Engineer: 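Mind having a look at this structure? Questions to follow.
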Amino acid sequence: IKQDERLLFDYYLIKGQANLGMGKYMQAIEDLEEGNRIYNSDTRLLNSLGFCYYKTAQKARAVEVLNASLRLNPQQEDVKKLLEEIEKGSD
């Protein structure tokens, strides 16, 4: 699917989520950021990217991305909990 421009967003999303699942957060960030350049309004991608930022101690970026996801869908309780956890750790 990497060769089909119509599927590039899905390619980077899937690849990024796979790397996240394997704990390869920096590689996941690269893939997810590439996908986000293609389409920046997908909560799955934003949530995965925010989690990767959090796991790599990029808390300000994590908060920014997760808040963007909540603006798209405010009903995400897991994302709200993660944001609370990040903000508690910032004290």
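This is a predicted model, so every value here is computed, not measured. One-based numbering along the sequence shown.
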Engineer: Can you tell me how far the CD atom of E33 sits from the CG atom of N40, to the nearest 0.5 Å?
Structural biologist: 12.5 Å
Engineer: Hey, is R37 close enough to E34 for a salt bridge, meaning N to O under 4.0 Å?
Structural biologist: yes
Engineer: Please report the interatomic distance CG(D10) to CG(L7), rounded to the nearest 0.5 Å.
Structural biologist: 6.0 Å
Engineer: Please report the interatomic distance CD1(I38) to OH(Y11), rounded to the nearest 0.5 Å.
Structural biologist: 10.5 Å
Engineer: Would you give the length of the straight line joining atom SG of C52 to atom CZ of R61, rounded to the nearest 0.5 angstrom?
Structural biologist: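 Rounded to the nearest 0.5 Å, the SG-CZ separation comes out at 11.5 Å.
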Engineer: Does the side chain of S69 come under 3.5 Å of the side chain of N47 through a donor N or O and an acceptor N or O?
Structural biologist: yes
Engineer: Any side-chain heavy-atom pair from F9 and L45 closer than 4.5 angstrom?
Structural biologist: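 The answer is yes; the side chains approach within 4.5 Å.
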Engineer: Mind checking whether I29 and I14 sit in one hydrophobic cluster, side chains of I, L, V, M, F, W, Y counted as touching below 4.5 Å?
Structural biologist: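 No, no single cluster joins them.
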Engineer: Could you grab the distance from atom NZ of K59 to atom CG of L66, nearest 0.5 Å is fine?
Structural biologist: 13.0 Å
Engineer: With sequence neighbours left out, write down each residue that passes side-chain hydrogen bond (donor to acceptor under 3.5 Å, both in side chains) with Y25, or none if nothing qualifies.
Structural biologist: none
Engineer: Could you tell me if Y54 and E85 have a donor-acceptor pair between their side chains, going purely by distance under 3.5 Å?
Structural biologist: yes
Engineer: Identify whether the distance between the nearest side-chain nitrogen and carboxylate oxygen of K80 and E77 falls below 4.0 Å.
Structural biologist: yes
Engineer: Identify each donor-acceptor pair in which a side-chain atom of residues 15-24 lies under 3.5 Å from a protein atom, sequence neighbours left out, and give them as a table.
Structural biologist:
from	atom 1	to	atom 2	distance (Å)
Q17	NE2	S48	OG	3.3
N19	ND2	K15	O	3.3
N19	ND2	D31	OD2	2.8

Engineer: Check the hydrophobic clustering (I, L, V, M, F, W, Y; side-chain heavy atoms under 4.5 Å; chains of links allowed) and say if L32 and Y39 are grouped together.
Structural biologist: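 Yes, L32 connects to Y39 through the hydrophobic network.
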Engineer: Rounded to the nearest 0.5 Å, how far does CD of Q76 lie from CG of L70?
Structural biologist: 5.5 Å
